[in-house]
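The structure under discussion appears below in the form of structure tokens.
Just so we're on the same page: letters track the sequence lines, and every chain starts at 1.
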Amino acid sequence: MNYKDTLNLPDTQFPMKANLAEKEVTTLARWEEDDLYGAIREERKGKKAFILHDGPPYANGNIHSGHALNKILKDIIVKAKTMSGFDAPYVPGWDCHGLPIEHQVDKQLGKKKREMSTSEIRGECREYALKYVGIQREEFKRLGILGDWERPYLTLDHNYEIGILKELQKFVANGGLYRGSKPVHWCPSCVTALAEAEVEYADHTSPSIFVKFELTADSARILGLPETQSYVVIWTTTPWTLPANMAVCLHPDFNYSAVKVGDDTLVLAEDLVTNCMTAFGFDDYETVATFNGAKAERLKTRHPFLEKESLVITGGHVTLEQGTGCVHTAPGHGQDDYAVGMKYGLEIYNPVDQYGKFKPDTPHFAGQKVRKANANVITLLEERGALLKREDVEHSYPHCWRCRGPIIFRATPQWFLSMEKNQLRQKALEAIRSVEWKPGWGENRIYGMVENRPDWCVSRQRVWGAPITAFYCEECDETLMDENITDHVIGILEKEGVDVWFDKPAGELLPDNTKCSNCGSTSFTKSSDILDVWFDSGVSHSVVVKDDPRFAGSSDLYLEGSDQHRGWFHTSLLESVGSTGKAPYREVLTHGYVVDGSGKKMSKSLGNVIAPQTIIDKYGAEIVRLWVAGEDYTEDIRLSDVILKRLTEAYRKIRNTIRFMLGNLSDFDPDTDMVPYSEQMELDKVIHLKFARLIEKVTTSYDMYDFHVFYHSFHNFCVLDLSSFYLDIVKDRIYTFPAASFERRSAQSAMYELTHGMLRLMAPVLSFTAEEAWDFLPHCAGSKKKSVHMTLFPATSVDTSGETLLKEWERIVMIRGEVSTALEKARRNKEIGHSLDARVTLSLFKNDYALLENREKDLAAIFIVSQAELNSEPLDGNSFISETIPGLTVKVERAHGDKCERCWNYDESVGHSDKWPTVCSKCANNLAAII
RNA sequence: GGGCCUAUAGCUCAGUUGGUUAGAGCGCACGCCUGAUAAGCGUGAGGUCGUUAGUUCGAAUCUAACUAGGCCCA
């Protein structure tokens with residue numbers, strides 16, 4: 001007789017091989033067909049809301065691993081909140097305006113662009129953005145991210161664009177928006193402003209000059225220098241910016257020397273004296289004084305050729321790498337100069353027009369092109385005796401990406417949001433304190449940024465974005481932008497579309513009879529500036545979260561990469577505090593950056609990039625999700641083939657554990673076969689209790705957003721508590737007892753509860769596998785949810801009486817480990833092979849003895865040996881002596897009797913049955929019950 | 001160059017307020033099983049806790065510097 005056929009072996013269609021890459025696609029199709037997202041919304045309707053507001057990725061290019069990380073984290077949170085009973089809608093968004101898209105469209109259009117109207121170009125940009133929204137949407141969905149994908153928010157939506165204008169209007173109304181001046185990269189031959197991304201650096205030869213700025217008599221005296229012919233020496237490679245010089249900047253912490261050369265006293269950084277003197281050709285010089293840079297602050301020098309003074313200021317950007325440590329500062333012609341100029345309240349003076357020529361009122365150089373003016377400046381300096389040295393240098397210099405010509409920095413009129421008006425900075429800093437930041441250092445990081453940032457320049461000289469709806473008087477250049485005007489304009493754009501702004505002349509956009517308040521003129525030009533895209537996304541708290549009926553509330557959580565302390569967290573905060581006085585979020589979570597296996601950033605040039613699509617094809621999206629869950633995302637997150645391999649192995653373990661339990665539940669009907677917890681066998685209770693602890697740990701980890709805790713504890717539970725402990729022991733019972741016996745049903749009841757609970761616990765992370773297994777699990781009649789994602793997490797019901805039981809079993813498991821070690825020794829000695837070949841005898845100290853004595857008849861099963869007995873006497877010298885459990889000795893010998901052909905245990909009863917002569921008495925009884 | 005952050009076994013993570021031989025799982029090696037089988041079980045070997053200096057009776061844990069790396073600025 002083939003006794004194997006009389007056993008209850010596991011049986012399930014749930015495949016061992018996951019085949020994720022294919023299976024996931026089917027599951028996704030089913031979710032879409034069933035409108036799972038909609039069903040969940042319906043299911044949670046009226047429950048307490050949890051709003052995770054999606055930060056919009058830029059609609060350009062395919063998604064990379066950082067996108068995957070970000071969106072999967074969000075998905076895990078949304079799903080976990082949903083399964084905790086919240087109504088947690090997820091509306092994804094995209095950032096659609098901005099330079100990178102306009103840039104790409106420019107490239108595609110080429111010369112054709114010149115014949116197109118602004119709104120036609122905008123149309124191309126819109127199409128381009130929508131194309132990538134479509135591509136990225138599919139890529140995100142492929143990762144198993146559940147959301148309202150058919151109705152995302154796009155910053156190019158009509159409603160959104162109008163929302164942007166309305167938000168900006170609030171700053172017009174409260175005076176926070178002002179027109180100022182700021183240097184930008186400017187291409188004089190293309191006659192346009194350039195963004196940083198449009199600037200290419202190339203070698204360029206420039207004149208390098210050293211120039212004397214004479215200290216005023218008072219200033220020289222303060223430094224203890226001669227009142228005449230004492231000079232601060234500056235160095236520059238852009239002589240043409242000298243007409244715009246406003247200051248000379250020293251480092252406050254550097255030492256400066258006054259060097260006597262002939263009749264002159266020259267001030268320059270101490271460390272650079274030797275180099276400079278050599279360069280100037282002075283070998284006879286003497287240092288007459290040394291002072292700290294800070295001491296010279298606010299002293300005055302005379303401009304070398306203009307009738308004005310140039311202030312001595314200090315700034316941390318000054319270096320000792322080149323020059324003199326004294327930096328010529330023209331706030332209208334450089335970023336550093338601008339920043340430090342603002343600090344000292346200097347005029348942002350720019351004498352250069354859009355063609356790169358000096359304006360007509362510029363002394364000495366009116367009408368000259370700046371580059372040609374270089375030589376004339378030098379000549380003038382020589383005439384005035386202010387030139388110490390000139391030579392040519394080759395250095396890296398910015399060039400226009402389009403015409404390849406060298407570009408200049410030029411201050412142009414720009415729009416700003418003031419950090420001080422309405423105490424925006426102060427209020428923003430206070431708002432930061434009211435928000436919960438995780439990890440905690442995020443608070444200091446963004447605080448420092450807001451504390452030190454300059455006013456926010458919100459204008460861009462571009463076309464792909466929301467317009468700044470300002471007008472300028474054609475006669476006197478007075479700015480016309482007040483609440484009434486913007487109201488009027490928004491009214492028109494709301495009806496006719498934002499493109500109208502670009503198509504219609506100013507007159508048609510203004511209210512009738514508009515007159516310039518300054519000169520009374522009635523002719524106006526409209527602003528051609530658009531808004532910084534960071535303003536676009538910064539208003540989503542209002543346009544999306546407040547106004548969209550799907551939320552109609554306020555955000556609980558923002559979750560983005562740590563770069564967004566400067567980006568979206570920052571701009572959203574300023575915008576929200578500026579318009580509502582409050583932070584736009586209650587809690588902010590940040591994640592690190594994806595780096596390679598050795599911690600280096602991923603880049604094409606290093607060749608260490610791993611694209612999500614590659615992982616999906618090779619391993620499945622589920623593995624990407626497990627990766628996200630397994631790593632501590634608050635720091636940089638490593639991604640490599642080795643890591644993915646480990647994850648795949650962990651995944652297989654989890655999958656197989658579930659598969660095994662499903663297999664053992666194939667004949668289990670929870671409605672009729674369930675043994676209540678209180679009546680279950682002790683071991684089954686124990687695993688229940690261990691599982692209750694897991695539930696506690698996992699649900700807490702979701703609440704705290706500590707997903708790697710889920711990963712580790714869940715995996716450990718599968719490996720340690722289930723696979724190598726509970727399931728291994730219980731196999732004998734499940735297989736050999738009659739199918740409907742109490743012993744077997746008790747174990748099945750435990751497995752049923754566990755599987756049912758585990759699938760729910762893992763669903764936020766292992767969304768595909770949980771769903772797949774959900775269908776293979778038997779369910780109580782009428783209670784099965786269509787999807788595991790519509791269920792709630794299992795509840796913990798740890799009864800306190802269980803604690804003692806758990807403690808006792810922890811000790812038993814320890815003893816079991818020692819028995820394993822003893823068995824392994826015997827195995828090495830070829831005394832046994834399988835542990836069932838063995839009979840063990842244990843001797844223990846009193847407490848441990850009592851612990852086991854209570855379970856003496858189960859000991860063999862627990863140790864998975866054929867026979868186990870206890871002995872209160874010490875055992876003979878050949879026994880295994882435990883090093884970890886004092887008093888424990890284990891004797892291993894061959895089991896007595898013969899091997900039962902059915903249950904493979906050795907027993908002296910084998911042969912006693914007439915009917916089944918090769919099985920033990922236990923099996924004979926079981927057989928009698930079955931047949 | 002500045003701000004913020006990180007650094008524990010090959011990999012992913014634990015290590016409470018500083019206190020006995022630094023833990024887990026995976027991987028690896030070796031073995032068992034062949035009734036979870038492209039599975040399952042067991043045993044074992046892996047770490048001078050980035051480096052150096054300091055505080056302390058005592059530091060992976062506190063301080064400083066350095067090195068490597070990340071984000072954001074310049």
Side-chain angles (χ1 to χ4, degrees), chain A residues 2-12 16-17 251 315-321 335-336 339 439-449 451-453 561-567 570 590-602 626-627 629-632 634-638 640-650 652-653 655-664 706 708-709 711-720 723-725 727-729 731-732 734-736 816-817 819-828 830 832-837 864 902-904:
Chain A
N2 184 2
Y3 292 110
K4 186 172 175 178
D5 298 336
T6 70
L7 299 173
N8 311 298
L9 295 178
D11 174 27
T12 178
M16 178 179 282
K17 194 169 182 316
H251 196 290
H317 63 286
V318 176
T319 71
L320 296 173
E321 273 161 34
Q335 301 282 34
D336 284 335
W441 49 259
E443 179 168 338
N444 283 338
R445 186 168 149 98
I446 193 169
Y447 194 95
M449 288 172 175
E451 200 172 25
N452 294 312
R453 66 156 299 145
S562 57
D563 54 333
Q564 300 302 327
H565 285 118
R566 167 65 62 182
H570 190 115
T590 39
H591 58 76
Y593 263 62
V594 180
V595 293
D596 73 7
S598 55
K600 297 252 162 55
K601 79 162 102 184
M602 288 194 171
L626 199 57
W627 165 68
E631 306 254 340
D632 179 358
T634 59
E635 303 169 17
D636 290 331
I637 303 124
R638 294 180 181 219
S640 69
D641 255 335
V642 178
I643 292 170
L644 289 167
K645 283 218 176 68
R646 292 297 96 84
L647 284 163
T648 308
E649 281 149 9
R652 270 208 291 270
K653 184 70 191 186
R655 184 180 179 91
N656 269 329
T657 305
I658 284 160
R659 176 172 183 269
F660 182 62
M661 293 199 288
L662 287 175
N664 285 321
D706 286 331
H708 65 279
V709 175
Y711 168 77
H712 283 281
S713 52
F714 197 84
H715 184 241
N716 266 14
F717 184 74
C718 287
V719 173
L720 293 177
S723 201
S724 85
F725 172 68
L727 295 176
D728 208 26
I729 293 172
K731 266 181 214 169
D732 179 73
I734 283 274
Y735 292 174
T736 66
R816 184 174 185 260
V819 172
S820 288
T821 309
L823 288 169
E824 183 64 22
K825 263 185 119 177
R827 194 174 286 129
R828 303 272 167 182
K830 306 282 180 201
I832 58 164
H834 195 282
S835 59
L836 283 178
D837 297 346
I864 318 186
R902 186 165 178 273
C903 70
W904 293 350

Exercise for review: Determine the contact category for A:G833: base if any of its heavy atoms lies under 4.0 Å from a base atom, sugar-phosphate if only primed atoms, P, OP1 or OP2 are that close, otherwise nothing.
Suggested key: sugar-phosphate
Exercise for review: Ignoring backbone atoms, test whether A:S724 places a side-chain nitrogen or oxygen under 4.0 Å from the OP1 or OP2 oxygen of B:G42.
Suggested key: yes
Check your understanding: Checking all strands, does A:D336 fall into the base, sugar-phosphate, or nothing category for heavy-atom contacts under 4.0 angstrom?
Key -> sugar-phosphate
Exercise for review: For side-chain contact (heavy atoms from CB on, under 4.5 Å), just list the numbers for A:Y735 and A:L9, CA-CA rounded to whole Å, side-chain angles, deciding distance to a tenth of an Å, and then say yes or no.
Suggested key: CA-CA 6 Å; A:Y735 292 174; A:L9 295 178; 3.8 Å; yes
Review point. How long is the line joining CG of A:L9 and P of B:G35, in whole Å?
Key: 8 Å
Practice item. Write down the distance separating the P atoms in B:G46 and B:C62, rounded off to the nearest Å. Key: 29 Å
**Study point:** Candidate nucleotides B:A39, B:G31, B:U6, ranked by approach to the side chain of A:E824 - the nearest
**Key:** B:G31
Exercise for review: Would you mind classifying the nucleic acid contact of A:G448 as base, sugar-phosphate or nothing, using non-hydrogen atoms under 4.0 angstrom?
Suggested key: nothing
Check your understanding: So, is A:S723 close to the B:C41 phosphate, meaning a side-chain N or O under 4.0 Å from OP1 or OP2?
Key -> yes
Practice item. Classify the nucleic acid contact of A:G440 as base, sugar-phosphate or nothing, counting any heavy atom under 4.0 Å across all strands shown. Key: nothing
Point to revise | Presence of A:Y593 side-chain N/O under 4.0 Å of B:G69 phosphate oxygens OP1/OP2 | key: no
Review point. Looking only at heavy atoms, which two atoms of A:H570 and A:R566 are closest? And how far apart?
Key: CB-O, 3.3 Å
Study note, to complete from the structure: Taken to the nearest whole Å, CG/A:L644 to P/B:G10 is 20 Å
Practice item. Rounded to the nearest 0.5 Å, what's the gap from CD1 on A:I643 to CG on A:L626? Could you check? Key: 12.0 Å
Exercise for review: Rounded to the nearest angstrom, tell me the gap between atom CG in A:D636 and atom P in B:A68.
Suggested key: 17 Å
Check your understanding: If you measure from the P atom in B:A39 to the same atom in B:G27, how many Å do you get, rounded?
Key -> 11 Å
**Study point:** Residue-phosphate contact under 4.0 Å: A:R659 side-chain N/O, B:U37 OP1/OP2
**Key:** yes
Review point. Looking only at heavy atoms, which two atoms of A:R816 and A:I864 are closest? And how far apart?
Key: NH2-CD1, 3.5 Å
Revision key, fill the gap. The answer to which of A:F725 and A:P10 contacts RNA chain B further toward the 5' end, by nearest nucleotide, is A:P10
Study note, to complete from the structure: When every non-hydrogen atom of A:D732 is compared with those of A:T736, the smallest separation belongs to O-OG1, 2.7 Å
Check your understanding: Of the non-hydrogen atoms in A:I637 and A:G592, which two are nearest, and what is the gap between them?
Key -> CD1-O, 3.7 Å
Revision key, fill the gap. Its glycosidic angle compared against 90° from 0, B:G10 adopts the form anti
Review point. Contact class for A:K4 (heavy atom, under 4.0 Å): base, sugar-phosphate, or nothing?
Key: base
Check your understanding: Nearest-Å distance, CD1 (A:I658) to P (B:G40)?
Key -> 13 Å
Practice item. Classify the nucleic acid contact of A:L7 as base, sugar-phosphate or nothing, counting any heavy atom under 4.0 Å across all strands shown. Key: base
Point to revise | Inter-nucleotide P distance (B:C33, B:C41), Å rounded | key: 16 Å
Review point. Can a side chain N or O of A:K653 be found less than 4.0 Å away from OP1 or OP2 on B:A36?
Key: no
Point to revise | Nearest-Å distance for atom pair CZ/P, residues A:R646 and B:G25 | key: 16 Å
Review point. Could a donor-acceptor pair under 3.5 angstrom be found where the side chain of A:R828 meets the base of B:C30?
Key: yes
Practice item. Salt-bridge test for A:D728 and A:K731: reply yes if a basic N is under 4.0 Å from a carboxylate O, no otherwise. Key: yes
Check your understanding: Does A:R445 make a side-chain donor-acceptor contact with the base of B:C71, cut-off 3.5 Å?
Key -> yes
Practice item. Starting at atom CZ of A:R827, determine the distance to atom P of B:G44, rounded to an integer number of angstrom. Key: 12 Å
Between the protein and nucleotides 22-24 of chain B, list the N/O to N/O atom pairs that are separated by less than 3.5 angstrom.
unit_1	atom_1	unit_2	atom_2	d
B:A24	O2'	A:N716	ND2	2.8

Exercise for review: May I ask you to decide if the ring planes of A:H715 and A:Y711 are parallel, tilted or perpendicular, using 30° and 60° as cut-offs?
Suggested key: parallel
Exercise for review: Output, in order, the C-alpha distance, side-chain angles, deciding distance and verdict of side-chain contact (heavy atoms from CB on, under 4.5 Å) for A:R445 and A:T590.
Suggested key: CA-CA 12 Å; A:R445 186 168 149 98; A:T590 39; over 6 Å; no
Point to revise | B:C5 versus B:C57 - spacing of their P atoms, nearest Å | key: 30 Å
Point to revise | Min side-chain heavy-atom separation A:V595-A:R638 under 4.5 Å | key: yes
Practice item. Write down the distance separating the C1' atoms in B:C71 and B:G25, rounded off to the nearest Å. Key: 31 Å
Review point. Do we see A:W904 stacking on the base of B:G35, given a limit of 5.5 Å between centres and 30° between planes?
Key: yes
Practice item. Report the residue (A:G442 or A:R902) whose heavy-atom-nearest nucleotide on RNA chain B is the more 5′ of the two. Key: A:G442
Practice item. Taking atom P in both B:U17 and B:A7, compute the distance separating them and give it to the nearest angstrom. Key: 16 Å
Practice item. Please report, rounded to the nearest Å, how far the C1' atom of B:C5 is from the CG atom of A:D632. Key: 12 Å
**Study point:** Nearest to side-chain heavy atoms of A:M449, which nucleotide of B:U12, B:C72, B:C71
**Key:** B:C72
Practice item. Have a look at A:G599 and say if it touches a base, only the backbone sugar-phosphate, or nothing, with a 4.0 Å heavy-atom cut-off. Key: sugar-phosphate
Point to revise | Interatomic distance at C1', B:U63 relative to B:G47, whole Å | key: 25 Å
Practice item. Kindly indicate whether the side chain of A:N664, heavy atoms from C-beta on, has any atom under 4.5 Å from the side chain of A:P10. Key: yes
Practice item. Determine whether more than 12 heavy atoms belonging to other residues, nucleotides or ligands lie under 6.0 Å from atom NZ of A:K653. Key: yes
Check your understanding: Does RNA chain B take part in any stems of at least 3 consecutive Watson-Crick or G-U pairs (both distances under 3.5 Å), and if so, which ones?
Key -> B:1-7 with B:67-73, B:10-13 with B:23-26, B:28-32 with B:40-44, B:50-54 with B:62-66
Study note, to complete from the structure: Of B:C73, B:G69, B:U12, the nucleotide closest to the side chain of A:R566 is B:C73
Check your understanding: For the residue pair A:D636 and A:Y593, what are the closest heavy atoms and their distance?
Key -> OD1-N, 3.2 Å
Check your understanding: Expressed in angstrom and rounded to an integer, what is the separation of A:L647 atom CG from B:C13 atom C1'?
Key -> 12 Å
Point to revise | Between B:A14 and B:G69 - C1' atom distance, rounded Å | key: 23 Å
**Study point:** Residue-phosphate contact under 4.0 Å: A:K601 side-chain N/O, B:G69 OP1/OP2
**Key:** no
Practice item. May I ask you to say what A:D563 touches in the nucleic acid, namely base, sugar-phosphate or nothing, with a heavy-atom cut-off under 4.0 Å? Key: sugar-phosphate
Point to revise | Phosphate contact (B:A14 OP1 or OP2) by A:H708 side-chain N/O below 4.0 Å | key: yes
